[in-house]
Amino acid sequence: MRVVAAAATDIGQVREGNEDSFLVHDPLFAVADGMGGHVGGEVASTLALETMEKLFDHGAAELGDLVQGANRAVFERSQLDRTVTGMGTTLTAVLVEGDRVRLGHVGDSRAYLFRDGQLNLLTEDHTLVHRMVVSGEITEEEAAANPHRSILTRALGVETTIDVDDGELSVLPCDRLLLCTDGLTGMITDGRIREILDAAPDPADAAKRLVRAADRAGGVDNITVVLLDFATDDPALSAEAPGEGRSRRAAREAPPGPRSEAGRSLPWRQIAIWVGASIAVVIVFLVGTRMFLDSQWYVGVANGHVAIYRGIPASVVGFDLHHVTVETTIPAATAESLALYRDLADGITADDREDADATVQRIRDDIAHTGSPGPLP
Ligand code: MG
């Protein structure tokens, strides 16, 4: 059986980098969708596929060994390099051996078999929403619309070993095998994918059309497709696609930048925990500060008069930590003319409201007794 392979990738319309990668290295083919920030995601998906390719070229013939090797490489890099800690990737890979195809799968990228006009999903999404569909909590339609549909329950490179879904199938001439990331299946239906595969016999054209359709449907994620067309060994019966047998990587259409939409579980969960914890700390601080300030009293000056304040006589970055509770009619200048109240403007602290009232009364009495100038109420 001959394989004619084609691949296409696109950054989509929202993301600022392409964290998807693909591998076309006949007879080894794969797609990977990285996670863990734009740097980590890109490193994880690229490293996983490069590792598989290298191991295969060095004689590793079992797909399971290639996937475990890729997992180790990504995990070890994330342990050594702090800039990519926590990264991981999906991986959907096939190894073609004659008319047998071995399949290895982790995450929510997918493999489909297109045969006789029918499209069949070969993989199971390792996502939270898929688990909920299986357990009957939500329907397929609800899952497709769920904003958390990208939360993965399994990803390559986050632990020392990985539980891989493996499968094997026999292929027939004219079969098409589609590997794709969720940027395709999240944007267009299986029905639309089937229509495009039906209408575009050339694999390179079909791959391009699939990616374009997902991009036009919104392109909220990176979109990557690898399409394998199986044909008989008779070269007269099948045309070779340009680029077959060469290894190609995901194109980087845009310079790396901050992710505008993080679709994966790990970074979002970490961010949510940190944001939540930070908000809690700020609330505790604000409530504590408010309770403390409400228990503080002092006598000072407001609008040229002796006044009772709640709080402390200070400001922090332009915010006063006090407010006037009572403004008396005693002129501040008259009080400050007495040595005892010279520093009135700086505030005379009181134990409580009663103590503050007593201080005001004392000021009033002292002014009266010393016969200080100025009007008194
Ligand atoms: Mg994706």
Side-chain angles (χ1 to χ4, degrees), residues 7-23 29-49 70 74 84 86-93 104-112 121 123-130 143-158 165 178-190 192-193 207 210-227 249-254 256-271:
T9 188
D10 195 274
I11 191 171
Q13 309 211 13
V14 177
R15 298 295 181 90
E16 294 181 30
N18 193 340
E19 292 152 39
D20 286 358
S21 293
F22 64 82
L23 177 65
F29 306 91
V31 294
D33 179 353
M35 60 175 222
H38 77 89
V39 177
E42 202 174 304
V43 171
S45 65
T46 307
L47 180 61
L49 299 192
V74 175
V84 294
M87 70 175 173
T89 183
T90 72
L91 176 71
T92 300
H105 166 72
V106 177
D108 67 350
S109 297
R110 289 181 178 178
Y112 288 92
L121 180 61
T123 51
E124 190 177 21
D125 292 348
H126 298 141
T127 59
L128 210 55
V129 292
H130 179 70
N146 193 301
H148 307 300
R149 62 184 177 275
S150 295
I151 295 178
L152 297 180
T153 53
R154 229 194 280 178
L156 192 103
V158 295
D165 284 358
L178 171 68
L179 309 180
C180 58
T181 59
D182 68 331
L184 180 81
T185 50
M187 284 292 112
I188 60 173
T189 62
D190 286 7
R192 182 78 188 112
I193 292 172
L210 286 167
V211 168
R212 203 185 309 137
D215 194 43
R216 285 182 181 164
V220 301
D221 198 0
N222 307 141
I223 311 150
T224 300
V225 159
V226 169
L227 184 61
R249 299 278 164 220
R252 311 290 174 208
E253 287 87 349
R259 283 178 72 146
S260 49
E261 188 213 51
R264 301 264 159 232
S265 61
L266 222 51
W268 269 118
R269 211 161 54 202
Q270 284 169 353
I271 290 166

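Atoms within each ligand, like the ligands themselves, are counted from 1 in listed order. Since this is a predicted model, take the numbers as computed values, not measurements.
- The name of the N, O or S atom in Asp221 nearest to the Mg ion (ligand 1) is OD2.
- Within the coordination shell of the Mg ion (ligand 1), defined by N, O or S atoms under 2.8 Å, Asp108 is absent.
- Taking the charged nitrogens against the carboxylate oxygens, Asp165 and Arg154 do have a contact shorter than 4.0 Å, which makes a salt bridge.
- Considering only residues two or more places apart in sequence or on other chains, Ala93 meets the side-chain contact (heavy atoms from CB on, under 4.5 Å) condition with Ala30, Met52, Leu63, Leu91.
- In this model, a donor atom of one side chain and an acceptor atom of the other lie less than 3.5 Å apart for Asn18 and Thr9.
- Asp182 contributes atom OD1 as its closest N/O/S atom to the Mg ion (ligand 1).
- Among the atoms of Glu19, no N, O or S atom falls under 2.8 Å of the Mg ion (ligand 1).
- A search for ring-ring contact (aromatic ring centres under 6.0 Å, His included) contacts involving His130 returns nothing, not counting sequence neighbours.
- Residue contacts to the Mg ion (ligand 1): Asp33 brings an N, O or S atom closer than 2.8 Å.
- Looking at Thr90, Thr123, Thr181, Asp125 one by one, the single match for side-chain hydrogen bond (donor to acceptor under 3.5 Å, both in side chains) with Arg110 turns out to be Asp125.
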